[in-house]
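To start, the structure under review is shown below, and the notes come after it.
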Amino acid sequence: MFPLLDVVEQGDVPMGYPTSEFQRRFYSQLRCIAGSRGTGSGHLTHLRVQPDAGPVEIWFDDQHADTGPYPGHPYPVTCTKLDLTYGEYMDALLATRGARGWEFLFAEMELGKPGFHDIVTNLRNMLEVFPRLFPGCDYTPFQERLEARL
């Protein structure tokens with residue numbers, strides 16, 4: 001997790017492999033808020049900052065998966081928009097303790113695809129163990145989101 005002031009002050013950081021002018025502009029609007037530094041996981045979470053746009057969007061980038069649920073749309077195939085505000089993202093990050101793949105619970109995608117088997121296994125393990133470890137946290141919404149995406 002990066003300090004929000006550092007995120008806001010990030011410049012246009014070259015990233016990804018844009019294949020169109022739309023993707024170049026899209027990547028230039030992303031500001032990294034979280035990543036798994038030093039692990040090579042290829043997982044990054046970004047704020048999308050657009051001039052004169054509504055609420056800031058949260059995007060998850062998994063460089064190892066073709067996660068794009070946007071067939072026929074111009075977004076990079078590794079990027080997925082999350083159905084979360086910044087505050088909701090922070091709450092979910094705390095509740096999931098950063099378990100691998102939790103972000104996919106907030107993306108409009110089907111996790112039953114073969115490429116997501118390991119992520120689904122990890123999420124199921126998290127949802128089995130965490131309620132016992134952290135009884136003060138309600139994991140029902142996370143379980144419902146997982147079931148809706150299978």
Side-chain angles (χ1 to χ4, degrees), residues 1-18 20-71 73-111 116 118-120 122-127 129-131 133-150:
M1 206 60 219
F2 305 116
L4 190 54
L5 182 59
D6 291 350
V7 170
V8 173
E9 292 178 344
Q10 286 176 16
D12 183 359
V13 180
M15 56 183 287
Y17 301 98
S20 67
E21 179 61 23
F22 175 88
Q23 286 189 11
R24 189 197 63 70
R25 278 193 316 273
F26 173 78
Y27 279 124
S28 75
Q29 296 168 344
L30 299 182
R31 302 295 182 264
C32 189
I33 59 172
S36 301
R37 288 187 183 196
T39 65
S41 72
H43 294 172
L44 297 170
T45 305
H46 305 277
L47 292 178
R48 183 178 183 194
V49 180
Q50 303 174 77
D52 303 319
V56 174
E57 299 173 351
I58 307 289
W59 285 77
F60 181 65
D61 187 359
D62 180 351
Q63 289 293 310
H64 301 294
D66 182 350
T67 58
Y70 309 104
H73 286 74
Y75 296 101
V77 296
T78 62
C79 293
T80 304
K81 184 179 174 193
L82 301 183
D83 183 26
L84 291 167
T85 65
Y86 180 76
E88 291 167 338
Y89 174 86
M90 297 301 290
D91 291 342
L93 178 63
L94 289 171
T96 62
R97 278 52 176 185
R100 183 175 177 265
W102 73 266
E103 297 91 346
F104 291 116
L105 296 174
F106 296 89
E108 288 187 32
M109 60 186 347
E110 182 184 326
L111 293 177
F116 292 102
D118 290 344
I119 289 170
V120 170
N122 188 63
L123 292 171
R124 284 185 171 145
N125 289 340
M126 175 193 78
L127 292 169
V129 173
F130 280 17
L133 293 176
F134 310 106
C137 188
D138 179 13
Y139 287 93
T140 305
F142 297 99
Q143 182 65 45
E144 290 170 352
R145 284 183 168 276
L146 178 59
E147 295 307 318
R149 281 156 182 76
L150 293 178

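Please read all numbers here as calculations on a predicted model, not as lab measurements.
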Value for CZ (R25) from CD (Q50), rounded to nearest 0.5 Å, stands at 10.5 Å
Given L146 and R124, is the side-chain contact (heavy atoms from CB on, under 4.5 Å) satisfied, shown in steps?
-> CA-CA 8 Å; L146 178 59; R124 284 185 171 145; 3.8 Å; yes
Separation between CD (E103) and CG (L44), nearest 0.5 Å, reads 10.0 Å
d(L111 CG, R145 CZ) to nearest 0.5 Å is 11.5 Å
Output for pair (T96 OG1, F142 CZ), nearest 0.5 Å, gives 6.0 Å
Correct closest heavy-atom pair for A107 and L82 would be CB-CD2, 4.1 Å
ask   = Do any N or O atoms from the side chain of R48 and from the backbone of H46 form a donor-acceptor pair under 3.5 angstrom?
value = no
Exercise. Tell me, do W59 and E57 make a side-chain contact under 4.5 Å, heavy atoms counted?
Worked result: yes
Is the closest side-chain heavy-atom distance between I119 and F104 below 4.5 Å? yes
*asked:* Could you tell me if the side chain of Y27 sits less than 4.5 Å from the side chain of P76, heavy atoms only?
replied: yes
Whether the side chain of N122 engages the backbone of R100 through a donor-acceptor N/O pair (distance < 3.5 Å, no angle test) should be reported.
yes
Subject >> Close aromatic pair by centroid cut-off 6.0 Å: F134 and Y139 >> reply: no
CG of L30 to SG of C79, rounded to nearest 0.5 Å, is 6.5 Å
- [ ] Kindly assign one of parallel, tilted or perpendicular to the pair F106 and W102, based on the angle between their ring planes and the thresholds 30° and 60°.
- [x] perpendicular
Taking the side chain as every heavy atom from C-beta outward, state whether D83 and E108 have any atom pair closer than 4.5 Å.
no
For T45 and Y89, run side-chain contact (heavy atoms from CB on, under 4.5 Å): C-alpha distance rounded to whole Å, both residues' side-chain angles, the deciding distance at 0.1 Å, then the answer.
-> CA-CA 10 Å; T45 305; Y89 174 86; 3.4 Å; yes
For L105, does its backbone N or O pair with a side-chain atom of R149 as donor and acceptor, under 3.5 Å? yes
Next on the checklist: Looking at T140, is its backbone amide N or carbonyl O close enough to the side chain of Q143 to form a donor-acceptor pair, meaning the two atoms are under 3.5 Å apart?
Outcome noted: no
dist I58:CD1 -> L47:CG (nearest 0.5 Å) comes out at 4.5 Å
Notebook entry, point to check: Any side-chain heavy atom of N125 sitting closer than 4.5 Å to one from F130?
Noted result: no
